[in-house]
Amino acid sequence: MINKDLSIDFLGVHFENPFCLSSSPVGNCYDMCAKAFDEGWGGIVFKTIGPEHFKVDEVSPRFDELTKEGTPFVGFKNMEQIAEHPLQENLNDLRRLKQDYPTKIVIASIMGTNEEDWEELARLVTEAGSDMIEMNLSCPQMTSHEMGSDVGTNPELVKKYCEAVKRGSSLPMMAKMTPNITDMVPAAKASLAGGADGIATINTVKSVANVDLNRKTALPIVNGKSSISGFSGKAVKPIALRFLQQLRTAAGLEQLPISGIGGIETWEDAVEFILMGATTLQVTTSVMQYGYRIVEDMKNGLMHYMEEQGVDHLKELVGLANKNIVPAEDLDRDYKVYPKIDWDKCIGCGRCFISCYDGAHQAITWDENTRLPSVDKSKCVGCHLCALVCPVGAISPGEIVMKPGRHGDPSDVEVISQRLH
């Protein structure tokens with residue numbers, strides 16, 4: 001059995017492994033968080049605690065799912081607000097968790113309506129023994145416009161509230177960013193200017209996941225109505241990774257500490273976030289499907305990946321992919337790669353032919369007698385849509401040619417070929 005050290009330091013705090021529950025229904029009370037710790041999670045971000053004067057009043061039902069052909073959640077929509085338990089109960093849970101699990105990391109997520117709220121909440125969760133604070137600046141379904149994602153899109157407010165939290169606590173603090181914004185960099189820089197030590201991102205994406213065709217409203221339906229609310233799960237992973245890349249390549253943010261969130265379900269997802277610059281990882285939607293036990297699969301897969309890569313310390317992997325993702329104008333456009341068809345694998349389904357003809361460049365020809373496709377290089381542009389739709393993996397990168405008027409020697413082509421494979 002492979003046994004690698006998965007510990008890592010984030011904002012000066014030592015985590016036994018990078019996997020944390022994100023602030024959500026999966027970390028809503030002492031019993032839930034204690035079970036997660038027992039199952040092997042390195043940390044929890046307790047469900048967001050609000051001020052005593054803000055009363056949470058939830059709707060029912062409040063969840064919806066996006067699936068495909070009977071698969072598990074591709075995406076998950078929720079109308080959940082912040083913690084519904086009384087403030088003192090939440091503080092007692094934080095205190096008890098830290099007392100009972102001293103080596104685990106307890107992160108308090110807080111959200112206020114004004115500077116006084118933020119400062120007071122920061123003081124209270126610090127007194128309760130929390131290791132770290134996460135500022136929830138991004139919940140998309142709060143009933144008050146003084147809270148949540150409406151704050152996270154306003155750099156001025158972000159900075160002001162971060163300053164308030166730092167007045168109330170000296171704990172390491174990360175600002176949880178909203179993806180419901182064109183460019184996250186200004187808000188992230190504003191949070192750092194206000195005293196934040198790092199960033200947590202992304203929170204859920206504002207969405208309508210499904211529309212009921214008969215009742216003519218979105219799901220879930222609450223007395224005949226619905227609303228726009230947060231979307232999470234595998235479907236938002238590409239959005240999360242995009243924001244990580246933009247943050248880690250923005251001027252002055254190249255070493256930005258990030259806790260990555262958004263569609264982490266497998267160890268491969270976890271590695272992707274780490275390679276894109278995340279140091280710790282937060283999970284909710286996959287826990288709601290499979291339970292806390294998924295952390296064992298993710299830890300085990302991550303250790304095997306480290307072994308394969310010859311990596312002893314997890315921090316060595318953080319951000320390795322950032323330098324290889326460049327602006328579109330900087331990509332090499334000198335060559336084209338033709339697809340290669342393995343006729344021994346081909347099952348003659350014709351999907352490549354249909355997709356190329358109807359959705360690309362009519363470069364796949366079809367033999368009705370043999371039921372085999374072939375590539376017409378005079379029309380092929382090397383987009384490789386055919387390879388993506390092939391159900392059996394019979395199409396792969398083949399011959400590499402330089403475009404007319406472009407210069408390249410055989411060694412260039414060899415290097416490109418090695419990188420493709």
Side-chain angles (χ1 to χ4, degrees), residues 18-49 56 58-85 90 93 97 107 109 134 136 138-142 176 179 200-210 218-222 226-240 259-270 273 280-299 301:
F19 296 104
C20 304
L21 301 183
S22 51
S23 170
S24 68
V26 303
N28 192 27
C29 63
Y30 172 87
D31 289 340
M32 297 179 79
C33 296
K35 184 181 178 185
F37 282 150
D38 291 339
E39 293 279 359
W41 293 79
I44 58 101
V45 186
F46 198 84
K47 190 176 182 186
T48 303
I49 299 170
V56 174
E58 298 282 18
V59 297
S60 176
R62 52 183 178 267
F63 298 144
D64 187 28
E65 63 175 345
L66 186 68
T67 60
K68 181 182 179 186
E69 299 172 1
T71 62
F73 303 155
V74 174
F76 184 76
K77 179 189 176 187
N78 83 88
M79 294 180 177
E80 190 93 6
Q81 297 187 77
I82 62 176
E84 69 271 24
H85 303 303
N90 291 322
D93 282 354
L97 282 167
I107 302 168
S109 174
E134 180 180 273
N136 188 339
S138 47
C139 179
Q141 51 263 353
M142 298 307 299
K176 190 173 185 179
T201 199
I202 61 172
N203 207 326
T204 53
V205 180
K206 287 186 177 182
S207 70
V208 172
N210 296 286
L219 298 176
I221 298 172
V222 181
S226 193
S227 71
I228 292 171
S229 60
F231 193 61
S232 62
K234 201 77 160 184
V236 308
K237 185 181 78 168
I239 300 170
S259 185
I261 318 166
I264 299 171
E265 188 172 300
T266 66
W267 71 265
E268 292 96 336
D269 299 327
F273 272 78
T280 60
L281 309 166
Q282 297 187 32
V283 182
T284 282
T285 306
S286 56
V287 171
M288 296 177 84
Q289 293 185 84
Y290 307 115
Y292 300 126
R293 64 180 178 80
I294 64 164
V295 75
E296 278 306 313
D297 293 337
M298 293 194 291
K299 286 161 57 179

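We're numbering straight along the sequence, starting at 1. These figures come from a predicted structure and were not determined experimentally.
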Is a donor on one side and an acceptor on the other found under 3.5 Å between the side chain of [X] and the backbone of [Y]?
{"X": "Lys206", "Y": "Ile228", "answer": "no"}
{"X": "Ser22", "Y": "Val283", "answer": "yes"}
{"X": "Ser226", "Y": "Pro220", "answer": "yes"}
{"X": "Ser138", "Y": "Lys176", "answer": "yes"}
{"X": "Gln289", "Y": "Phe73", "answer": "yes"}
{"X": "Ser207", "Y": "Ser229", "answer": "yes"}

Apply side chain to side chain donor-acceptor pair (under 3.5 Å) to [X] and list each qualifying residue two or more places apart in sequence or on a separate chain.
{"X": "Tyr292", "value": "none"}
{"X": "Lys234", "value": "Asp269"}
{"X": "Asp38", "value": "Tyr101"}

For the atom pair [atom1] ([X]) and [atom2] ([Y]), what is the distance rounded to the nearest 0.5 Å?
{"X": "Ser109", "Y": "Asn136", "atom1": "OG", "atom2": "CG", "result": "4.5 Å"}
{"X": "Phe19", "Y": "Ile264", "atom1": "CZ", "atom2": "CD1", "result": "8.0 Å"}
{"X": "Lys299", "Y": "Glu39", "atom1": "NZ", "atom2": "CD", "result": "9.5 Å"}
{"X": "Lys35", "Y": "Tyr30", "atom1": "NZ", "atom2": "OH", "result": "14.0 Å"}
{"X": "Met298", "Y": "Ser286", "atom1": "CE", "atom2": "OG", "result": "5.5 Å"}
{"X": "Trp41", "Y": "Leu281", "atom1": "CH2", "atom2": "CG", "result": "9.0 Å"}

Minimum heavy-atom distance between [X] and [Y], given as atom pair plus value:
{"X": "Val45", "Y": "Glu134", "result": "CG1-OE2, 3.6 Å"}
{"X": "Gly27", "Y": "Leu21", "result": "CA-CD1, 4.3 Å"}
{"X": "Ser227", "Y": "Lys77", "result": "O-NZ, 2.9 Å"}

For the residue pair [X] and [Y], establish whether any side-chain heavy-atom pair is separated by less than 4.5 Å.
{"X": "Ile44", "Y": "Phe37", "answer": "yes"}
{"X": "Val208", "Y": "Phe231", "answer": "no"}
{"X": "Lys47", "Y": "Glu84", "answer": "yes"}

Evaluation steps, side-chain contact (heavy atoms from CB on, under 4.5 Å), between Thr285 and Tyr290: CA-CA 9 Å; Thr285 306; Tyr290 307 115; over 6 Å; no
Candidate pair Ile261 and Asn203, rule side-chain contact (heavy atoms from CB on, under 4.5 Å), full reasoning: CA-CA 7 Å; Ile261 318 166; Asn203 207 326; over 6 Å; no
Charged N to carboxylate O below 4.0 Å: is that the case for Glu265 and Lys237?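 Not counted as a salt bridge, because no side-chain N and carboxylate O are separated by less than 4.0 Å.
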With Phe46 as reference, evaluate Cys33, Ser24, Ser23 under the side-chain contact (heavy atoms from CB on, under 4.5 Å) test and give the passing residue.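 That would be Cys33.
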Check the pair Trp267, Asp297 against side-chain contact (heavy atoms from CB on, under 4.5 Å), reporting the backbone distance first and the verdict last. CA-CA 7 Å; Trp267 71 265; Asp297 293 337; over 6 Å; no
Passes side-chain contact (heavy atoms from CB on, under 4.5 Å), Ile239 versus Val205? Steps please. CA-CA 9 Å; Ile239 300 170; Val205 180; 4.2 Å; yes
Any side-chain donor near an acceptor of the partner, Glu65 and Asn210, under 3.5 Å: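 No pair is found: no donor N or O on one side chain lies under 3.5 Å from an acceptor on the other.
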